[in-house]
Amino acid sequence: MTEIIDGNAVASEIRSEISGCVETLTEAGVTPGLATVLMSDDPASETYVSMKQQDCEEVGINGIHVEIEPDAPSEELFETIDRLNDDPEVHGILVQLPVPDHVDKRAVIRAIDPAKDVDGFHPENVGRLVAGDARFKPCTPHGVQKLLEAYEIDTEGADAVVVGRSDIVGKPLANLLIQKAPQGNATTTVCHSRTDDLAAKTSTADIVIAAAGVPELIDGSMLKEGATVIDVGVNRVDADTDKGYKLVGDVDYESAKSVAGAITPVPGGVGPMTRAMLLYNTVAAASDHHDIEIELP
Ligand code: GUN
């Protein structure tokens, strides 16, 4: 029987523990605050940001949302970041990516105070993560680790293949999986768009994590019997639905399910975990800043 990894259930448990952390902080006089900044009219980005704000409200985090016109000068975004860096009520700042082409994405990431960089994308935080001293683990990789932990899928000594090398998922996740730490110690291979014979790599893996952004790239024929399959992909593909599209992952779910030992669905797998770990990083930022002890999940 293939185990279906229920990201909604695990995320819900984490959210309820985070609510407890928010309560502790609030009782100590600190309401954690998360600022989201959107400089885009991409419908998917708009949806992601509004879900993040909804999540804040649910757990008692003070959500602050700033929208900047996509054709505004980049200075407007940098001034917003400066203001949020200086705002004592803001403990976490998330600028939704991608930003428009005329805005220097790397400069945006560098402009965020590393202590408020709840994405974990600032070079200081990337360095700390690689060094095994993470301040904030990026939300999706952290969520994947929490899912593996919740389902008691041991990474120690396992052959893990990460398909995708993005700064947001592939690179940080591979770094976490190789660390001498819980949910680490995996023999990790990173595959990408230039990998020769991807199937040869995935078909020997105990754990395959698909994060390439290519719809249904990995199918059952590319997997080892009993492998754990974590699908990070969220791809909108044209479909005869009310919205005119449907969401599919980077994994061909039906064929992969017939081979895998455990698999995440899309939606309802990694997505809710990413959102939960953003709340986690926000309460961690507030706790660190005010030196108030909390018990994170
Ligand atoms: N766009 C897609 N994923 C992410 C994310 O994790 N953080 C930010 N800031 N933007 C994104």
Side-chain angles (χ1 to χ4, degrees), residues 7 11 14 34-56 61 63-68 70 74 77-78 80-81 84-85 90-101 103-126 129 134-147 162 164-176 209-214 230-236 247 249-250 266-267 269-282 284-285:
I14 291 177
L34 174 69
T36 54
V37 183
L38 178 65
M39 188 176 187
S40 169
D41 48 18
D42 169 53
S45 290
E46 285 169 355
T47 305
Y48 291 142
V49 167
S50 92
M51 289 194 301
K52 288 166 187 173
Q53 284 295 336
Q54 250 172 277
D55 292 338
C56 284
I61 290 174
I64 298 133
H65 180 57
V66 182
E67 281 196 21
I68 298 172
S74 58
L77 176 56
F78 289 106
T80 301
I81 293 170
L84 295 169
N85 281 341
V90 171
H91 302 99
I93 301 170
L94 179 142
V95 177
Q96 184 68 25
L97 300 174
V99 286
D101 289 343
V103 179
D104 179 349
K105 177 184 91 171
R106 293 186 193 284
V108 169
I109 291 169
R110 280 197 307 269
I112 297 170
D113 178 348
K116 296 189 179 189
D117 167 40
V118 283
D119 268 322
F121 296 164
H122 189 286
E124 180 180 313
N125 290 326
V126 174
L129 178 122
R135 176 195 264 139
F136 301 114
K137 289 185 184 180
C139 302
T140 301
H142 197 184
V144 169
Q145 283 192 309
K146 288 283 184 193
L147 271 186
V162 177
R165 55 177 159 183
S166 68
D167 294 336
I168 296 181
V169 184
K171 282 186 208 165
L173 180 55
N175 266 299
L176 290 170
I209 298 148
V214 179
I230 306 290
D231 191 352
V232 178
V234 185
N235 307 290
R236 287 186 180 200
L247 292 182
D250 287 2
V266 174
V270 175
M273 295 300 294
T274 297
R275 290 163 56 190
M277 301 327 287
L278 176 64
L279 305 175
Y280 178 109
N281 281 349
T282 303

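Quick caveat, the model's predicted, so the values are computed rather than measured. In what follows, every heavy atom counts, from backbone to side chain, and hydrogens, waters and symmetry copies are set aside. Counting convention: from 1, in listed order, for ligands and their atoms alike.
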If we set the cut-off at 4.0 Å for heavy atoms, which region of Leu97 has an atom near ligand 1: side chain, backbone, both, or neither?
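It is both parts that get close, each with some atom under 4.0 Å.
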For ligand 1, indicate whether the residue Tyr48 contacts it via side chain, backbone, both or neither (heavy-atom separation under 4.0 Å).
neither
Can you list the atoms of ligand 1 that are under 4.0 Å from a heavy atom of Val95?
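The atoms of ligand 1 under 4.0 Å from a heavy atom of Val95 are 8 (C), 9 (N).
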Ser40 versus Glu46, side-chain donor and acceptor atoms under 3.5 Å:
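There is no such pair between these side chains.
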Distance-only polar pair, side chains of His65 and Thr36, donor-acceptor under 3.5 Å
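Yes.
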With the side chain counted from C-beta on, respond yes when Leu38 and Val66 share a heavy-atom pair under 4.5 Å apart, and no when they do not.
no
Rounded at 0.5 Å granularity, tell me how far CE in Met277 sits from OG1 in Thr140.
10.5 Å
protein heavy-atom neighbour closest to atom 3 (N) of ligand 1 works out as Ile168 CD1, 4.1 Å
Closest protein heavy atom to atom 5 (C) of ligand 1, given as residue, atom name and distance to 0.1 Å
Asp119 OD1, 3.8 Å
Do the side chain of Lys137 and the main chain of His142 share a donor and acceptor less than 3.5 angstrom apart?
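Side chain of Lys137 to backbone of His142: no pair is present.
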Heteroatom distance test (Thr274, ligand 1): nitrogen or oxygen, under 3.5 angstrom:
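No.
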